[in-house]
Protein chains: 2
Amino acid sequence: MTLKDLARELGVSTATVSNAFNRPDQLSPKLRAHILTEARHLGYSGPDARARSLRTGRSRIIAVILAESLTYSLNDAVSSELLSGIAEVLDTRGHTLLLLSGRQNAASVPGASSIADGFIVYGLMPSLKLFSDLPPERPLVAVDFDIEDHATVHVDNEPACYAIARHALRTPTRRPAVINLRLTEQPCNGRIDDDQALLSAERTITRARLAGFQRAFAEAGIDPAEVPMWNIEENTFEVCTPVIEEILDLPEAERPDLLLCMSDRIALTVVTLAEQRGLRIPEDLRLTGFDGIAEGQYRAPRLTTIRQDSTEKGRIAARMILGMEPAESRVMTTEMMIGDTCP
Amino acid sequence: MTLKDLARELGVSTATVSNAFNRPDQLSPKLRAHILTEARHLGYSGPDARARSLRTGRSRIIAVILAESLTYSLNDAVSSELLSGIAEVLDTRGHTLLLLSGRQNAASVPGASSIADGFIVYGLMPSLKLFSDLPPERPLVAVDFDIEDHATVHVDNEPACYAIARHALRTPTRRPAVINLRLTEQPCNGRIDDDQALLSAERTITRARLAGFQRAFAEAGIDPAEVPMWNIEENTFEVCTPVIEEILDLPEAERPDLLLCMSDRIALTVVTLAEQRGLRIPEDLRLTGFDGIAEGQYRAPRLTTIRQDSTEKGRIAARMILGMEPAESRVMTTEMMIGDTCP
DNA sequence: AGGGTGGACTGGAACGATTTAGTTAGCAGC
DNA sequence: GCTGCTAACTAAATCGTTCCAGTCCACCCT
């Protein structure tokens, strides 16, 4: 049952049926009512979205391309908050959300994606071939990374990390350490040696966060090069655990008494594993996080962290895509939250 | 730049270009290579998904229609695990995920949805007009509710709740209580009075869970009608909090010493608020959850709960939609996890 | 009566691909 | 030289809409 069938059945033109569904003002109310009634009666449930999107060039679909697998992204608090902000705005404007992963089968991205009216890309590396395959005329907003000729949304990573490190270093500290998130060029889950290719040129956020920490170290008279660093490959409890166990199980003389973590997930894992070992927080171990996820604030000890509003970040990106606000480069401010883990 | 333009430019037919992209065996490798090279060169990034989906009738998009708002669904551990299972399967088969909410602007659903090749519907009520608007010939799988003529995926709610309640009632209990999730016909966030229209006929899961609890009560010689019940409208910390405060702040003689909760989120909120009040778990208060979310197992006290594998539930639904397994009615088993909150 | 106006409806050309049913050329076999 | 076969390619119909450019008619104004 197509629009054409329906038109023939009713003895009107296809244009009129189309108007009955799309432009009520173009035909008499009586005829319109008749058409809609008959449509329902004959089992026609409105114009086919496929044909419509071909003809109009618009689908009311916005694609979100995520750096990690969908599985990860949906479970991670930060990226699902981002998605939820995006969804919120799209929903109110009658748009829908298509989820794509830029990771494994990136092949499927260009194919499926050309159906979308716009793209929100989260945390990818700008060098990816992927970008050249996206239809160049449709809007694209980059979140948490930089790419030329496109709008971006960020938080003030460097100043925020500087501020929280400065706060942490006000309390005398013997052995500070940093737990990075996806910092190294090559995958590395564990201690970062001197000789490892350190900073991937493209990981702009991670680099900015580390730079903030290091600025505070230098200012406090600590040589940043002397501060031990670990790296975490994926922001999950499971992947964090072995690395953190390695740190906490160091002999007491070597064990850090301050851990600057690049995410709350990492920090929460530290809390869990430290509790299991009977370490007292903050007496034996102080730590800071990043993100300000809800889970970190529900229960004692509440995390000392940088709160970024990922939901709002998503809203902004969505509004930019829909043209509700200028698509420009935007840096959001964050807020330091002093919790119990580093008073 | 369209396929037709490219064909003209190269002096071949559109069919040949189409074959170059879709059926390598239909033309000489040499010509194919030439076409692909030139395509890239001239800025043609493959067949347009809109036109293709119109012509072939397939889009490689599966729509997931969620009962709650997208914002909620993306933040809730259970539904995002479900999504993640779905995404995992779709991803490996080159399909993508379109997220729709069946709630507020249900109007946008039929319009946008006819682009999808199939539908996974989560937790909706089958009476919704929505269903009649979906293209009837495309596959539909219902998750966590029943609808005629369609495949469904479930867990064994009643037996699972019976089992955990039985376990909880083995320890002598003076004042058991139940905290339901979305049980009442009319929205109600708080104590359920006798005169409230109790069981929405359509909320099959919730009803099944309560039935399981009540069977165990009866068996333990407790009149189910005497057990006080509360109701929670939305499975979030914020919405749970006032109700749980109401319960925990009852005079000690009235305060329940066993709380059977219909979700881990509710149970976790109880843990948080009980800790704040200095109540000892399980000495002063025992409680059980439902879902088995990761957050409930990380930190002490670990929840005593029913673990359902929502990720696997999603995988099954996705496989059914893609025809990788028979689309029939399926009941998954759950596992009781004895944690610290009700040993 | 003639001209102008505007509302209601229609015809048919796109939109950009896929696919069926060919056509053509080359070559082997007899 | 004819037939038959295959590989390589093409012409044209088709998918289900939308929307531009009209047509038609009733009505009003002068």
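In what follows, chains carry the letters A, B, and so on, assigned in the order in which the sequence lines appear, proteins first and then strands, with residues in each chain numbered from 1. Just so it is clear, the model here is predicted, and its values are computed rather than measured. In what follows, every heavy atom counts, from backbone to side chain, and hydrogens, waters and symmetry copies are set aside.
Closest to the side chain of A/P47, from the set D/dA12, D/dT10, D/dT18, is D/dT18. Set against D/dT17, C/dC9, D/dC9, the side chain of B/L27 has D/dC9 as its closest nucleotide. When distances run from any side-chain atom of B/T16 to the nucleotides C/dA17, C/dC9, D/dT10, the shortest one goes to D/dT10.
At whole-Å resolution of the value, CZ in A/R8 and C1' in D/dT17 are 15 Å apart. At whole-Å resolution of the value, CG in A/D48 and P in D/dT14 are 18 Å apart. Here the C1' atom of nucleotide C/dA17 and the CZ atom of A/R52 are 20 Å apart, to the nearest Å. Residue B/R23 contributes atom CZ, which lies 16 Å from atom P of C/dA17 at whole-angstrom precision. Nucleotide D/dT18 holds its C1' atom 13 Å from the NZ atom of A/K4, rounded to whole Å. To the nearest angstrom, P of D/dG16 lies 19 Å from CZ of B/R50. Here C/dG7 presents its P atom at 16 Å from CG of A/L31, a figure rounded to the nearest Å. In this structure, A/Q26 atom CD and C/dG11 atom P are separated by 17 Å, rounded to whole Å.
Applying side-chain contact (heavy atoms from CB on, under 4.5 Å) to B/L98 and the options B/V64, B/I62, B/I115 leaves one that passes, B/I115.
Taking 4.0 Å as the cut-off between side-chain N and carboxylate O, A/R32 and A/D25 do not count as a salt-bridged pair. Contact check on A/R55 versus A/D48 returns no salt bridge, with no Lys/Arg side-chain nitrogen under 4.0 Å from an Asp/Glu carboxylate oxygen. Salt bridge absent: B/E325 and B/R315 never bring a charged side-chain N and a carboxylate O closer than 4.0 Å.
Considering only side-chain N and O atoms, A/T2 lies nowhere under 4.0 angstrom from the phosphate OP1 or OP2 of D/dG16. Between B/S18 and C/dT18 there is a side-chain polar atom (N or O) within less than 4.0 angstrom of OP1 or OP2.
In this structure, OG1 in A/T152 is found 11.0 Å from NE2 in A/H150, a value given to the nearest 0.5 Å.
Ranked by how close their nearest DNA chain C nucleotide is to the 5' end, B/A51 and B/N19 are led by B/A51. Map B/R55 and A/T56 each onto its nearest nucleotide of DNA chain D; the residue landing nearer the 5' end is B/R55. Both B/S28 and B/L54 lie near DNA chain D, and the one whose nearest nucleotide falls closer to the 5' end is B/S28.
Among the heavy atoms of the strands lying under 4.0 Å from B/Y44 are primed sugar atoms or P, OP1, OP2 only; no base atom is included. When heavy atoms are screened at a 4.0 angstrom cut-off, A/T14 is found touching base atoms of the nucleic acid.
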